Amino acid sequence: MAFRVWAPGQERVRVRVDGADHEMTLRDGDWWYSDVTGTDYAFLLGDDEDALPDPRSRWQPEGVHGPSRVYDHSAFEWTDQSWTGRALPGGVIYELHIGTFTEGGTFDSAIERLDHLADLGITFVEVMPVNSFDGTAGWGYDGVLWGAVHEPYGGPDGFKRFVDACHARGLAVVLDVVYNHLGPSGAYLDRFGPYFAGQNDWGPGLNLDGEGSDEVRRYVIDNALGWLRDFHVDALRLDAVHALADRRATHLLEELAREVETLSAAVCRPLTLIAESDLNDPKLVLPREAHGYGLHAQWSDDLHHALHVALSGETSGYYADFAAPGALARTLKEVFFHAGTWSSFRGRTHGRPVDTRTVPGHRFLAYLQNHDQIGNRATGDRLSATVSPGRLACGAAIVFCSPYTPMIFMGEEWAASTPWQFFASFPDPELAEAVRTGRRREFSRHGWGEAEVPDPIDPATVERSRLRWSEAGEPGHAEVLELYRSLIQLRREWPSLADPFLDHLQVRAEGSWLLLYRGTLRLACNLGAEPVTVPLDGEAARVLLSWGEAKATGGTATLPPETFALVELLD
């Protein structure tokens, strides 16, 4: 077989295959080749005797510092030949972390819980990053070999079994991928060529627009296409795209969207790109013919922040602006709260308005919680740790009755009591200590004592963050699970609840109550501590779903504190 590697500027490159070194030949520009037969391999640059894994490795059975292993994609026996994919509009996304989703922390143990997701009504399973990172436990955002699946989870075959099992249950798979930086341990790319250019908040950023960047961009795009093609993944969630420094006329995201569209036509199934972005710029999800990048959706943090403040009352940090009167109603109608307006957290104006007449709401994800908004709190406390069940129920109803694509974070559907804390397991003691002290220092600036911040390197932190599935059937949790199941089912049964057109949505907010107009349906929520009567603009109504003792009589909804009623107008 032919081993190859891009290593510009090198005078000598060798490949070590099953313990034997072989000289490589330079051809095709800066690519080096060697025809050798073997299984485990690594590259040696110049006269250096450090054997480095393949930047395009498909398999790292001994971790990110060990040799790469040859992997044959064609050897896996797929059973999803009848799978035709899922389009995002109308979908419901469930975000999970393989290592803490189940007690086993593997792809195979996660498969055992997929029936729960299918029964709940989930259509997309979003998996946090599974590419290789140093250590055994971590969130996955410190990956350094983007094409190799983390071995402790089950390696490449394990991930394929998981995807295959999802498809068998009608579940599409979204994979979270990180192209904005590399982790602090095992990032050898810069030894091979000009992969890096500058730093961002998390580590070295990629060279996307400088000398030698053509191959770097190709590296990213080929990786993305590989997940979609070789692992049968249906969508990619692109982490923090605002940190992709690219000044080219055609941005990397636009280039990627074009190639994914081409692959989608070839495999005859929808392939979706979802961005996480702090830019509040609808350009990301506008089609290319409208001078956008052509991505299919993006996370909507502004809506999360507005919901969080309305439910919890927390107004510190970036939540401060969302305490403004009418913030939740405005954000529900306009997507971005900061849309060319002042952001006190940033100390400047921020964002650009969404044209709600032409841009559908399904291009924006709505959520009460996600891995970031929980895990980046000092103690990783979920919303259910501080917010009453009634307010949580109101928040869930707002998300599922909105024009946006709903997303749930694992365990949210039964108000899990387990926190979701930041954890890592770097074997290098110095790096582990740096992560530990850095985390504590970060939160000490916000008033937290060191003893209050969990040690991210302690295995007990991982264990605390693992879901306890027995809770789902217990009092106080089972009722929440039934609520989520009912909300998803109603969203299927009533097209007006999934109607993505933002100019069809009306929102009224007065005092503690909020009213969403969804065709002939009305969602009335009372987030306050006193009962309220909400006008429904109709003479008669029937309740489809409620929380607490909420009722609808005549043309009004009577809502005790922290309750909601979803009603159908009958006249």
Side-chain angles (χ1 to χ4, degrees), residues 92-128 130 136-140 152-154 158 161-162 165-166 168-171 367-371 373-375 377 379-393 395-397 399-400 406-423 425 454-456 458-489 547-548:
V92 178
I93 300 174
Y94 187 98
E95 185 189 23
L96 63 86
H97 174 263
I98 290 295
T100 52
F101 181 56
T102 63
E103 185 65 30
T106 65
F107 296 119
D108 288 336
S109 62
I111 290 172
E112 298 173 6
R113 295 296 183 180
L114 292 180
D115 288 340
H116 165 84
L117 302 185
D119 177 67
L120 184 61
I122 300 301
T123 55
F124 286 82
V125 179
E126 179 173 318
V127 183
M128 289 172 62
V130 301
T136 56
W139 280 17
Y153 292 166
R161 289 193 298 271
F162 176 82
C166 284
R169 292 161 175 81
L171 300 168
Y367 38 85
L368 290 179
Q369 303 174 76
N370 62 44
H371 76 271
Q373 300 302 335
I374 302 172
R377 298 172 66 84
T379 60
D381 52 312
R382 292 172 179 263
L383 202 56
S384 53
T386 54
V387 171
S388 69
R391 287 193 169 211
L392 282 177
V399 167
F400 282 102
M407 184 176 74
I408 303 168
F409 182 68
M410 62 178 195
E412 174 192 332
E413 72 273 23
W414 72 72
S417 66
T418 49
W420 167 250
Q421 298 177 338
F422 178 74
F423 51 84
S425 58
D455 179 356
D458 187 347
T461 305
V462 181
E463 290 305 313
R464 281 193 297 270
S465 301
R466 202 181 304 278
L467 288 180
R468 291 200 295 267
W469 282 86
S470 60
E471 284 187 331
E474 296 175 357
H477 299 284
E479 297 86 347
V480 177
L481 179 57
E482 184 56 35
L483 170 67
Y484 271 73
R485 184 180 289 111
S486 298
L487 285 168
I488 294 173
Q489 181 178 344
W547 184 268

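Please read all numbers here as calculations on a predicted model, not as lab measurements.
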Side chain to side chain contact (heavy atoms under 4.5 Å, CB included) assessment of M410 paired with T100: CA-CA 9 Å; M410 62 178 195; T100 52; 3.1 Å; yes
T379/D381 under side chain to side chain donor-acceptor pair (under 3.5 Å): CA gap, chis, key distance, verdict: CA-CA 5 Å; T379 60; D381 52 312; 3.2 Å; yes
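- One finds the CD atom of E126 at 10.0 Å from the CZ atom of F409 (value rounded to the nearest 0.5 Å).
- P454 places none of its side-chain heavy atoms less than 4.5 Å from the side chain of F423.
- Side-chain N or O atoms of R169 include one that pairs as donor or acceptor with a backbone N or O of A165 at under 3.5 Å.
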Test log, rule side chain to side chain contact (heavy atoms under 4.5 Å, CB included), inputs V399 and Y484: CA-CA 11 Å; V399 167; Y484 271 73; over 6 Å; no
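- Contact between G121 and I488 at its shortest, heavy atoms only, is O-CG2, 3.6 Å.
- Note that the CD atom of Q421 and the OG1 atom of T461 stand 5.5 Å from one another [nearest 0.5 Å].
- Side-chain N or O atoms of S384 include one that pairs as donor or acceptor with a backbone N or O of A416 at under 3.5 Å.
- Listed for the E413 side chain is a donor-acceptor partner under 3.5 Å among the backbone atoms of G411.
- Note on ring orientation: taking the six-membered ring where Trp is involved, the planes of W420 and W139 are parallel (angle under 30°, cut-offs 30° and 60°).
- Shown here for V125 and C166, the closest heavy-atom pair between the two residues is CG2-SG, 4.4 Å.
- Separating the CG atom in L117 from the OG1 atom in T123 is a distance of 10.5 Å, to the nearest 0.5 Å.
- A heavy-atom distance below 4.5 Å is not found between the side chains of V130 and F162.
- Formation of a donor-acceptor pair under 3.5 Å by the E95 side chain with backbone atoms of M407 is not found in this model.
- The two residues S109 and G105 have their closest heavy-atom pair at OG-N, 3.4 Å.
- Partners of E482 according to the salt bridge (charged side-chain N to carboxylate O under 4.0 Å, His left out) rule, which considers only residues two or more places apart in sequence or in another chain, are R485.
- Separation of atoms CD1 (I93) and CG (N370) is listed at 11.5 Å; rounding is to 0.5 Å.
- Across L368 and L392, no two heavy atoms sit closer than the pair CD1-O, 4.1 Å.
- Looking at every heavy atom in both residues, T102 comes nearest to A110 through CG2-CA, 3.9 Å.
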Step-by-step side chain to side chain contact (heavy atoms under 4.5 Å, CB included) determination, I98 to L96: CA-CA 6 Å; I98 290 295; L96 63 86; 3.7 Å; yes
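- Atom-to-atom distance recorded for R382:CZ and E412:CD is 8.0 Å, nearest 0.5 angstrom.
- Proximity of a side-chain donor or acceptor of R466 to a complementary backbone N or O of F101 within less than 3.5 Å is not detected.
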From CA spacing to verdict: side chain to side chain contact (heavy atoms under 4.5 Å, CB included), L120, W414: CA-CA 11 Å; L120 184 61; W414 72 72; over 6 Å; no
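- Taking NE2 from H116 and OH from Y94, the interatomic distance works out to 4.5 Å, rounded to the nearest 0.5 Å.
- Shown here for Y153 and G138, the closest heavy-atom pair between the two residues is OH-O, 3.6 Å.
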